[in-house]
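Here's the structure we're looking at; comments come further down.
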Amino acid sequence: MDLIATHTSADFDALSSLVAARKLYPRSRLLLPGSQELNVRQFLSLSKDILEFETERNVRLDDISRLILVDTRHENRIGKARELLEDPGIKVVIYDHHPRTKYDIRADKDTYRRVGATVTMLIDKIRTKRLRITPLEATLMALGIYEETGSLTYRTTTRRDIDAVSFLMSKGANLNIVSSFLNRGLSAKELIALSKLITETKVIETNGISIGISMMDADEYIGELGMLIQKLLDVENFKVMFVFVKMDKKITLIARSRTPFVDVNKILKFFGGGGHTTAASATIREGELSTLIKDLRCVINRTVRARVNAEDCMETRVHFISPDTKINEAGKILRRSPSSALLVRKNKKIIGILSGECIKKAVINNFGHSKVKGYMSTKIYAVRPSTPMHELKKIMYDKKIGHIPVFKKGKIAGLVTRSGILKSLFAQEEMAPGKVGLRHRHQTPDNLLNRMREKLPSQIMNFLRLLADMARERGCRIYVVGGFVRDLILGVRNLDVDLVVEGDAAEFARYVSDRLAITCVVHKKFGTATLFMKETIDGVNVKVDIASARTETYGSPGALPSVTFCSIKEDLYRRDFTINAMAIDLDKKNYGRLVDYYGGRGDLRCGKIKVLHDESFIDDPTRIFRAVRFEQRYNFKIDRRTVSLIKNAVKKEMFDAVSGERLREEIVLLLEEKEPLKAIKRMRSLHELRFIHPKIEFKKRQEYTCRRIDALCGKYKYYLERKRSLDRWLIYFMSLVDSLSLTETLEVADRFVFRRSDRLRVVSCKKGEKKILRLLTCRGGVRASVLYKNLEPLSYEALLFLASKCSSRLQEERLKDFIERHNGTRLRIRGEDLKRMGIEPGP
Ligand code: CTP
């Protein structure tokens, strides 16, 4: 027989978990040890006849072979069930959402999930096993989740809790009943206790967080301190609350936290207690209240993490305009700016701020040609870089402003915006100790050094170390950037190392090349350089590209940019997507630190391709192909805003401004990816295909042929790859332009400046295709020599393309016969042989 038990002072999560566990272990009895919270007792008094529980007084333990514990792992909280732990023959199973500790019961099976309530874990199992539950059971389980998650508002609440509630509603859970049990009134004794606690509450400020501390010497026993502290929090509205209650020589310390920056579980460990990051308690047997409060203050000061200041959330790349700039011109400048406002400067003094909103209003009212001085805001409240976040929020709220300039030694250092604050709040929320749940998919640490050691060959690691040392000697900072960082986080092998130097890349590369005696090629036009390592990896000489941190301004869309040196932050901002705009710092003190100003790590985690600013595709339309390429490669999704920017750029015919070579390179890269068909279909959905040719169509029939290409490459690899490897992308390209005529195909080859050999392969296939397919179908039989004459001049790519178009067995067999038997056949006899045989030369 199984016994399911929970902790003493059972709350609704404990009670409902018992009921839910019985669904999974139907041949079991339920034990409610000790007493229960008042509202639980009230619920039980109504449902006693339907839900059967045993108490410590009437429970039998001699026939139990398995103990199932829910919502606890503490042996001193399970009452009489503890006796079963002494019998090694009894199996123990645990379901609990409290984090594990070293003092826990050792179980044969211990399930832990980071969810708001234990019952959520069990409901997941009930749903998977499609077990039935009654409306009363559903209501009780909903009570468990609502109570434990503060009606789904606590930080510990997860999507799974919300899903579970939605499931329970579909099973008839009654929210009226739930709310009547959750919001019970206080008894007279509790009201007196609450008013004592309110009177005793003192506030301390730590790093901008108001923390309430209260205490009470209770004359008589108070049952539900947890509920009392919850009411106290509601009244006082503190983010964090600690309450000491002295009862019977014992002191109970209860804590609640509504902010990710205060982990009360960690703090209460100093007092021998524990719980969650958001709720914890401790029982203290020795000590005076006054000294305990002093201790608590010390622990808080040591534990509460440093918070965010203006310099952490300000935008450093701020654009200045003069008060006489026209609104339309300011709009253009703002669109390229990472900030949402421009600073108006006159005689080196900031005299106003012009926000995007002001520009929008002016433009809507046809004042685009007016000067900004009539529209800018002159309310300027400046702060220092060290101004803490809570003060910034207060200034914005009290003064009703959305932008705060940050000054350092009299000079502008940056601009704090509402979205900057919001972003860093979310970023911190994610980094906060309690929110690890968000990270579980790709847990990316702040420092990637260990991951680099794991994933990279030692030759590259050693080379990077050397470069870092030399950068320090030269007084400049270097970073690894771009695709390498992205793939390192994703765990994808990528040995294309791109470095960025805050300084002159060419000069640095020459210095390295001299010191290490290695080859260096400087690309003067772009101010970049390539270093070739001495060591080889898999037989290949690895190269490292080095560029200066630079901003790029584009004279016209798609043109090559003009370049100025800048910081790494600005350099990353000019890049295509957030997931490619991360860097790894190689500075000695921070070696391996991930530099992620634009949320790349978060976007990688949720699989999002997102541009950094709205002008990205206008600056460089080839990024449209790149977006599709990365989306298909990693099975990510281009985010909604980015999709609409792509469609907009396509509508504006941005590709026309890009050189054919650059477009060709991108198309080739796209078709070289693992699943080109998916990419082609995605391009079709974004209307990108018409830029290859306005008449291009990619229909079901082409999809069908495309699907066969990879299999055919595999099938004939042995026969066709003896001399060179196949250009698989070209076969896909042939399929892509299948709907075009010969002239149209030639137009495409010209537009994209195809290499001679690629052009020849595509065109000769197009020319001969119809005739060859007819010959392959010819029912009356066709001589091998005739087939040979037509097929032999074709490239292998063309042969495979034709094979993908074969629609009958006969066609397939004939083509197979040619590829496997006749392809490459040469005459053994030559003219010289004939002459030697005595045959006269003649016509
Ligand atoms: N980049 C960009 N815009 C482009 C091309 C490149 O911003 N049109 C930036 C990106 O930061 C990119 C880096 O330059 O990560 C290096 O580009 P590249 O080597 O072409 O691409 P990777 O991102 O390394 O991707 P892949 O794995 O396909 O090489």
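Counting starts at 1 for both ligands and their atoms, following the listed order.
- Residues passing the salt bridge (charged side-chain N to carboxylate O under 4.0 Å, His left out) test with Glu454, sequence neighbours excluded: none.
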Return a table of N or O atom pairs, ligand 1 on one side and protein on the other, at distances under 3.5 Å, rounded to 0.1 Å.
| from | atom 1 | to | atom 2 | distance (Å) |
| --- | --- | --- | --- | --- |
| ligand 1 | 3 (N) | Arg623 | NE | 3.2 |
| ligand 1 | 3 (N) | Arg623 | NH2 | 3.4 |
| ligand 1 | 7 (O) | Asp576 | N | 2.7 |
| ligand 1 | 7 (O) | Arg623 | NH2 | 3.3 |
| ligand 1 | 8 (N) | Asp620 | OD2 | 2.8 |
| ligand 1 | 11 (O) | Arg575 | NH1 | 3.0 |
| ligand 1 | 11 (O) | Asn580 | O | 3.1 |
| ligand 1 | 14 (O) | Arg575 | NH1 | 3.4 |
| ligand 1 | 15 (O) | Gly483 | N | 3.2 |
| ligand 1 | 20 (O) | Arg626 | NH1 | 3.1 |
| ligand 1 | 21 (O) | Arg626 | NH2 | 3.2 |
| ligand 1 | 23 (O) | Arg486 | NH1 | 3.0 |
| ligand 1 | 25 (O) | Arg486 | NH2 | 3.3 |
| ligand 1 | 27 (O) | Arg486 | NH2 | 2.9 |
| ligand 1 | 27 (O) | Arg633 | NH1 | 3.0 |
| ligand 1 | 28 (O) | Arg629 | NH1 | 2.7 |
| ligand 1 | 28 (O) | Arg633 | NH2 | 2.7 |

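- Among residues two or more places apart in sequence or in another chain, the side chain to side chain contact (heavy atoms under 4.5 Å, CB included) test is passed with Val512 by Leu467, Met470, Phe508, Leu516, Ile518, Leu531.
- Annotation: Tyr704, atom OH; neighbour count of heavy atoms from other residues, nucleotides and ligands within 6.0 Å does not exceed 12.
- A cation-pi contact, defined as under 6.0 Å to the ring centre and within 45° of the axis, links Arg465 to Tyr591.
- Residues Leu488 and Asn494 form no side-chain contact, since every pair of their non-hydrogen atoms from C-beta on lies 4.5 Å or further apart.
- Partners of Glu615 under the salt bridge (charged side-chain N to carboxylate O under 4.0 Å, His left out) rule, at least two apart in sequence or in another chain, are Arg336.
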